[in-house]
Amino acid sequence: MKRRRAKKLGERLVGAAVMGDVDLVRALLRAGASPGVADADGTTPLYAAAVQGAGDVVGCLLEAGADPDVESGHGAEGTPLCAAACWGHTDVVRALIAAGADPNLREDQGTGRSPLEWAVSGPCPETVAMLVSVGAQPDGAVLST
């Protein structure tokens, strides 16, 4: 596929993920969009869907081969699991963990916050409990569930 077409499909895929439009995501994947290619800002489709709590889009991207541990952004974002944990999107956290996401992977190339640290500061104690149940280590996060 030509580079310009691939870039355009990737940009559209991130946009569809942000909007939570699973039908458009599927269509773009069928058209050849790569589930792991970031847009010009460095945002991956999986990260965009995780932030929005779009579980159906997350599932679709994971089925298409998106890596659940790929960090998004140029230092300003993070991993899909950190994003979902931060906003208390428990169904997305569950899907990412089931797909093999590392519950202890810190963002910012390992120097930032962990999914558990984001969950503790977020709105959903259920997400904290889920992360702990799959082996997330507190490592400085104050657990008050």
Side-chain angles (χ1 to χ4, degrees), residues 1-132 134-141:
M1 181 181 318
K2 298 202 187 261
R3 185 175 295 165
R4 188 167 56 175
R5 179 168 157 41
K7 183 177 177 183
K8 183 182 274 190
L9 283 173
E11 295 280 337
R12 291 185 63 205
L13 185 58
V14 171
V18 167
M19 298 303 295
D21 189 338
V22 71
D23 293 329
L24 182 55
V25 166
R26 285 186 182 119
L28 290 165
L29 290 169
R30 281 192 305 271
S34 172
V37 172
D39 67 8
D41 295 326
T43 302
T44 65
L46 188 57
Y47 178 87
V51 166
Q52 299 302 320
D56 51 350
V57 173
V58 166
C60 182
L61 292 167
L62 289 169
E63 286 176 21
D67 183 337
D69 283 333
V70 169
E71 191 164 355
S72 186
H74 301 295
E77 293 177 351
T79 67
L81 188 55
C82 284
C86 174
W87 294 104
H89 299 309
T90 308
D91 61 328
V92 173
V93 169
R94 188 176 296 112
L96 291 166
I97 293 293
D102 181 350
N104 292 301
L105 182 63
R106 294 178 168 279
E107 60 190 0
D108 298 327
Q109 286 73 48
T111 63
R113 296 173 88 179
S114 71
L116 185 57
E117 288 169 332
W118 279 113
V120 166
S121 66
C124 190
E126 181 183 352
T127 304
V128 172
M130 182 185 306
L131 287 166
V132 169
V134 297
Q137 299 297 312
D139 197 42

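Because only heavy atoms are used, hydrogens play no part in the values below, and waters and symmetry mates are left out as well, while side chains stay in.
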Is a donor on one side and an acceptor on the other found under 3.5 Å between the side chain of [X] and the backbone of [Y]?
X    : Y    : value
E71  : D108 : yes
D39  : D41  : yes
N104 : G135 : yes
Q109 : E107 : no
T43  : A38  : no
R106 : T111 : no

Non-hydrogen side-chain atoms of [X] and [Y] separated by less than 4.5 Å:
X    : Y    : answer
L96  : L46  : yes
P45  : V25  : no
C60  : L29  : yes
S121 : R113 : yes

If I compare all heavy atoms of [X] with all of [Y], which pair ends up nearest, and what's the gap?
X    : Y    : answer
A101 : L81  : CB-CD2, 4.1 Å
L61  : P35  : O-CB, 4.0 Å
A85  : T127 : CA-CG2, 3.8 Å
P80  : P68  : CD-O, 3.6 Å
P103 : L131 : CB-CD2, 4.4 Å
V18  : A48  : CG2-CB, 3.6 Å

Open item on the list: Measuring from atom CG of L28 to atom CZ of R30, what distance do you get when rounded to the nearest 0.5 angstrom?
Closed with: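 Those atoms lie 9.0 Å apart.
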Task: From CE (M19) to CD (Q52), nearest 0.5 Å - done: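 One finds 8.5 Å between CE of M19 and CD of Q52.
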- [ ] Taking only Lys NZ, Arg NE, NH1 and NH2, and the carboxylate oxygens of Asp or Glu, determine whether D91 and R94 approach each other closer than 4.0 Å.
- [x]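 No, no charged N to carboxylate O under 4.0 Å.
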